[in-house]
Each structure stands twice: as structure tokens, then as C-alpha cells.
Amino acid sequence: MKNLAVLGATGSIGDSTLSVCRNNPELYTVKLLVASTSVDKMLSLCLEFNPSYVAMSCPNATAELAFKLKQENSASQVLNDEDELLQLLSSAEIDSVMAAIVGGAGLKTTLAAVKAGKEIFLANKESLVMSGQLFIDAVKLSGAKLWPVDSEHNAIYQALSPILQDCIGHCDLTAQGVSKILLTGSGGPFLNTPLDSFNTISPAQAVKHPNWSMGQKISIDSATMMNKGLEYIEARWLFNASREQLQVIIHPQSVIHSMVQYIDGSVIAQMGNADMRIPIAHVMGGAKRIESGAGNFDFFTSPEFSFMAPDYDRYPCLKLAIDACYQGQHATTTLNAANEIAVDAFLNGNILFTQISQLVDRVLQKTKTQSISSIEQLMEIDLIAKVSAREIIQRDLLC
Ligand code: NAD
Ligand code: MG
């Protein structure tokens, strides 16, 4: 039995992770659950899984949860603050960590677990986008085992040879005969929507993904294809891929979750239902295949597979992310921060759908090239980008 921490336990990935735990109770003891504000959901998870520890990032939620757990005579101990959480994540009490907090808010906890050499199930792509080389260096230094949970990266991982699987972050793709990593994406809900109606897209329309059920932020990111842009950066770091080795392909059916092409012309794809329990079960099972609860894919209900190149007029966020990937770490950190503010503003009805990319672009244009040597420096860039994005919204964009 390994001791598992689930960061982002009340979210969509948290749900899928705990569902895999229910299906495989002999594999993991749920030791720590972490979330931000959903007290009632966390309470019911605590009553079901009995974690030794639980933490909420919001102080009011912490107090309310402690009160309710006491009423229920629960033995779960509520952590007081972030320092206690970071200490616990670094301690011998935790073996494996599902990093599934949404956004840059997941960086500190994910990195703490990486630095302590834990087994990391990485769903929180934003932490890698924000810290790239520093993150990968920390993995190498601590010997942490990094498992990609994002369905595309998990698919790529499954299509790689064991030699490459063993050196995530510093793979030599060329030496192992890989010619290209083919990152697939559905194109989201607006693949066929006329471009001249993009200004009227509402948050309710944008949040409805045709194939996947996910949290709000990643659903909006999928509609703009910023998600694929973040995943492109994520793939660049996880697989040490060069520009020539990375390609985005639109595959509307979301059955092929990504592919690896080899120099002999072979292409290895991983396929299945669009259900995150599949990659989660893959990483949680480790060397062994385990039940995910997701069911098998039926090829006869989806006889058509199609593919196309992404159109950057339709998906300007994808282009911004790919460009940022080659501008440097300051640019990807800025892109991520500006996007978080833009998505939030769009969800709150403060900016239009089309202004998400405009805002990210404007914030990126203000950023200065600099080499990065510390997380503190990245946090400062993150903060400056967020302030700048909020200023632009207030001054020019507010609708
Ligand atoms: P979600 O919005 O459904 O859940 C987010 C979770 O993070 C919640 O439990 C929330 O309470 C917690 N949280 C937010 N801020 C926090 C903070 N400051 N401290 C502690 N907890 C905090 O999001 P999701 O869809 O589950 O996505 C989580 C992460 O996984 C994202 O980085 C996303 O890109 C990635 N991911 C998600 C999917 C998916 O299918 N949902 C697929 C691939 C990758
Ligand atoms: Mg993905």
C-alpha cells in the first residue's frame, strides 16, 4: 500500500482519481486531501476515505471544515496553513502525489513534492508551463518519478520505449528513433462555428466541451485551444522535444489521445474513451494495468476518424503559446498568468471570448526577456503579468 495525497481532491481530476482508488482499494491509502473552498464535498470525501490529513487553501473553509469534521467525530486532522501542508508533502508520510490543483496555484505544492523525490502524478500542467527547466531540473536532482496524467502526454508516454519512459524530462528522442510527437486535440466546441460570430460566444457555450467533462478553466482553455498550447509547452518539457519534433493535429473525435512517429515510418497511437480515469489508472497502476472503471472503446460506434491542421485565425491562443514556448521561460510564465486572468474575466462576463487572446497577446508584448534562475523570480513575473492583465481589462476591455 502506498500513501497517496490528492491535491485538488474536489475537482474533476480529484473525482476521477478517487474513483480509481475506490476500484483499487488494495493499492493506495488516501492519506491527504487538499482543495480550496468546497467544504461540503470535502467533508463527504473525508467521511468516505478517512484521510489522516486534510487541507483547504481558503481560511474560512478551513475553519468550517474543522468544525464539521468535529461534529462528525472524524479523526481527519485539518492542517492550519500552507507551511504545514508543504512540510507534510515533503515528509515520509506521503509516497505518491496526484497534482491536480487548477492553475499556477498548484506550483508550490507540486514542486515541494518533486523536491522531496515523491512519485508525482502530474495533471497540473500550468506548474510545468510556469517553471519548465527549473521543474525538470528539480525532478532530476531529487529522483522524483514523474508520471504524465494529461491524456495526451500519458498517451505519448505509453507510445514511447521503456528507455524513454525512464528518463522523462531529459529524453533523447532522436537517439531512440522518434521523429515526431503528434499532439492531438479535438478543436473544442467551436471547430465549425463561423469566425464572425466568435464575439457573441457566451461562457455557458464555451464551457461545454463536445467530448470531455472537465473543470471550468480547462474547458475554456479547450475552447480557445490555449489548452493545446499549454500542452505543447508541457510536451516540450516532459519529452525534451525540439520544435521539429512537436506537431499539433486536430482530431475532432478525441479517440486517439496522441501519437509518436518513428523514423521508420511507424506511428504508435494510444486510443480509448475520453475518460480521465484511463490515464489516471495507468499512472496509479504503475507497472501493472488496473481497472479504471471507464469501460472499453467501441470502434463500431465511432467509425470515422478525421484529422486536420489547426487554423491559427480560429485559435490565436494556440499560436501565442507555441511562440512563447520558444521565446523563453519569462514568456510562458507570462502567457499562463495572463490567460488565468483572461479566462476568469471571461467567465465573469467582463470580457468577450475573442478578447482572451487579445489580452494575453498584449500582456506578452509588455514582458521583457530575462533569464530565469529561481522560483521567486517566476512568481514575480507571474504577479506582474496578472497586474498588467487586470489593468488592461479595467482600462480598455471591460464590457
Ligand atoms: P477543477 O476546477 O475541476 O478542480 C480544481 C481543484 O483544485 C479543486 O479541488 C479546487 O478546490 C482545487 N484548488 C483550486 N485552487 C486551489 C488552491 N489555491 N489550493 C488548493 N486547492 C485548490 O479542475 P480540473 O479540471 O480537475 O483540473 C485540475 C488540473 O488538471 C488543471 O491543471 C488541469 O489543466 C489539469 N487537467 C485536467 C483534466 C480534466 O479532464 N479535468 C485533464 C487534463 C489535465
Ligand atoms: Mg489534455
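Scope of the values below: all heavy atoms of this structure, side chains included, with no hydrogens, waters or symmetry mates. When a residue number appears, it is its place in the shown sequence, counting from 1. Read the numbers this way: they start at 1 and go in the same order the structure lists the ligands and their atoms.
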S.K.: With hydrophobic residues grouped by side-chain heavy-atom distances under 4.5 Å, do F346 and I218 end up in a single group?
M.R.: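 Hydrophobic grouping puts F346 apart from I218.
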S.K.: Just let me know how I218 lines up against ligand 1, side chain, backbone, both or neither, with a heavy-atom cut-off below 4.0 Å.
M.R.: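 The side chain, only.
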S.K.: For H153 and E234, what are the C-alpha separation, side-chain angles and deciding distance, and is it a side chain to side chain donor-acceptor pair (under 3.5 Å)?
M.R.: CA-CA 8 Å; H153 306 73; E234 185 185 12; 3.2 Å; yes
S.K.: Around the Mg ion (ligand 2), what protein N, O or S atoms are found below 2.8 Å?
M.R.: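 The answer, once waters are left aside, is D150 OD1, E152 OE1, E231 OE2.
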S.K.: Do the ring centers of Y315 and F190 come within less than 6.0 Å of each other?
M.R.: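 No: the rings miss the under 6.0 Å criterion.
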S.K.: Report the relative orientation of the aromatic rings in F353 and F198; use parallel for angles under 30°, tilted for 30 to 60°, perpendicular for over 60°.
M.R.: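 Perpendicular, since the angle between the ring planes exceeds 60°.
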S.K.: Is any side-chain heavy atom of Y53 closer than 4.5 Å to a side-chain heavy atom of E93?
M.R.: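 Touching, per the 4.5 Å side-chain cut-off.
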S.K.: For the pair N154 (side chain) and P148 (backbone), establish whether a donor and an acceptor sit closer than 3.5 Å, ignoring hydrogens and angles.
M.R.: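 Checked: pair present.
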S.K.: Which ligand 1 atoms are under 4.0 Å away from a heavy-atom of A105?
M.R.: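 Going through ligand 1 atom by atom, the ones under 4.0 Å from A105 are 18 (N).
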S.K.: Considering non-hydrogen atoms of the protein only, which is the closest contact for atom 43 (C) of ligand 1, and what is the distance?
M.R.: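 Result for atom 43 (C) of ligand 1: D150 OD1, 3.0 Å.
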S.K.: Measuring only between side-chain heavy atoms, which start at C-beta, is I356 closer than 4.5 Å to C317?
M.R.: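 SC-SC contact between I356 and C317 confirmed.
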S.K.: Looking at atom 3 (O) of ligand 1, what's its closest protein heavy atom, distance included?
M.R.: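 Closest protein heavy atom to atom 3 (O) of ligand 1: S12 N, 2.9 Å.
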S.K.: Of the side chain and backbone of A123, name the one, both, or neither that has a heavy atom under 4.0 Å from an atom of ligand 1.
M.R.: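 The answer is both.
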S.K.: N/O to N/O below 3.5 Å, does that happen between S57 and ligand 1?
M.R.: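 So ligand 1 has an N or O lying under 3.5 Å from an N or O of S57.
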S.K.: Please assess D95 against K31 for the test salt bridge (charged side-chain N to carboxylate O under 4.0 Å, His left out), listing each intermediate value before the final yes or no.
M.R.: CA-CA 9 Å; D95 302 310; K31 194 76 179 174; over 6 Å; no
S.K.: Which atoms of ligand 1 are found less than 4.0 Å from any heavy atom of G11?
M.R.: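 Those qualifying, in numeric order: 1 (P), 3 (O), 4 (O), 8 (C), 9 (O), 26 (O).
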S.K.: When you measure from atom 5 (C) of ligand 1 to every protein heavy atom, which one gives the shortest distance, and what is it?
M.R.: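 Of the protein heavy atoms, V102 CG1, 3.7 Å lies nearest.
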S.K.: For residues L183 and L320: do they belong to one hydrophobic cluster (side chain heavy atoms under 4.5 Å, members Ile, Leu, Val, Met, Phe, Trp, Tyr)?
M.R.: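 Yes, one cluster joins them.
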S.K.: Identify the protein heavy atom lying closest to atom 21 (N) of ligand 1, giving its residue, its atom name and the separation to 0.1 Å.
M.R.: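 For atom 21 (N) of ligand 1, the nearest protein heavy atom is A35 C, 3.3 Å.
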S.K.: Hey, any chance I341 and M226 share a hydrophobic cluster, counting ILVMFWY side chains that come within less than 4.5 Å of each other, even indirectly?
M.R.: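 No: no chain of side-chain contacts under 4.5 Å links I341 to M226.
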S.K.: Just so I know, are the side chains of L191 and I250 near enough to count as touching, which here means a heavy-atom distance under 4.5 Å?
M.R.: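 Yes, at least one pair of side-chain atoms sits under 4.5 Å.
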S.K.: Considering only non-hydrogen protein atoms, determine which one is nearest to atom 25 (O) of ligand 1 and report residue, atom name and distance to 0.1 Å.
M.R.: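 Result: G215 N, 2.9 Å.
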S.K.: Going by the order shown, which atoms of ligand 1 are within less than 4.0 Å of some heavy atom of M214?
M.R.: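 Heavy-atom distances to M214 below 4.0 Å select 39 (C), 40 (O), 41 (N).
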S.K.: Taking the side chain as every heavy atom from C-beta outward, state whether M259 and T184 have any atom pair closer than 4.5 Å.
M.R.: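 Yes, at least one pair of side-chain atoms sits under 4.5 Å.
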S.K.: Only one of Q253, H251, K228, H209 passes side chain to side chain donor-acceptor pair (under 3.5 Å) with S186; say which it is.
M.R.: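 That would be H209.
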S.K.: Heavy-atom pairs closer than 4.0 Å: do any link ligand 1 to the side chain of E126, the backbone, both, or neither?
M.R.: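 The answer is the side chain.
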S.K.: Got the closest protein heavy atom to atom 26 (O) of ligand 1, with its distance?
M.R.: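 Result: I13 N, 2.9 Å.
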S.K.: For V102, give me all partners under side-chain contact (heavy atoms from CB on, under 4.5 Å), at least two apart in sequence or on another chain.
M.R.: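 So V102 forms a side-chain contact (heavy atoms from CB on, under 4.5 Å) with E126, K217.
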S.K.: Can you tell me if S38 has a non-hydrogen atom under 4.0 Å from ligand 1?
M.R.: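 So S38 does not count as touching ligand 1.
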S.K.: Suppose we call two aromatic rings close when their centres sit under 6.0 Å apart. Are F135 and W237 close by that rule?
M.R.: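 Centroid separation for F135 and W237: 6.0 Å or greater.
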S.K.: Look only at interatomic distance and state if S213 has a nitrogen or oxygen under 3.5 Å from any nitrogen or oxygen of ligand 1.
M.R.: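 In this structure, S213 places no N or O atom under 3.5 Å from an N or O of ligand 1.
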S.K.: Which atoms of ligand 1 sit under 4.0 Å from any heavy atom of N124?
M.R.: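 Answer for ligand 1: 32 (O).
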S.K.: Near Q370 CD, under 6.0 Å, is it more than 12 heavy atoms from other residues, nucleotides or ligands?
M.R.: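 Count over threshold, so yes.
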S.K.: Is it the case that over 12 heavy atoms from other parts of the model lie below 6.0 angstrom from the CD atom of Q377?
M.R.: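 Count over threshold, so yes.
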S.K.: Using a 3.5 Å cut-off on N or O atoms only, is G14 in polar contact with ligand 1?
M.R.: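 Such a contact does not occur with ligand 1.
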S.K.: Which protein non-hydrogen atom lies closest to atom 12 (C) of ligand 1, naming both residue and atom, and how far is it?
M.R.: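 For atom 12 (C) of ligand 1, the nearest protein heavy atom comes out as G8 CA, 3.9 Å.
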S.K.: Is it the side chain (CB and beyond), the backbone, both or neither of A9 that lies under 4.0 Å from ligand 1, heavy atoms counted?
M.R.: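 Answer for A9: backbone.
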S.K.: Give me the residue, atom name and distance of the protein heavy atom closest to atom 9 (O) of ligand 1.
M.R.: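 Ranking protein heavy atoms by distance from atom 9 (O) of ligand 1, first comes T10 OG1, 2.7 Å.
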S.K.: Have a look at ligand 1 and work out which part of M276, if any, has a heavy atom under 4.0 Å from it: side chain, backbone, both or neither.
M.R.: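 Under 4.0 Å from ligand 1, M276 contributes side-chain atoms alone.
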S.K.: Who's closest to atom 29 (C) of ligand 1 heavy-atom-wise, of T37, I101, L85?
M.R.: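 Closest candidate by heavy-atom distance is I101.
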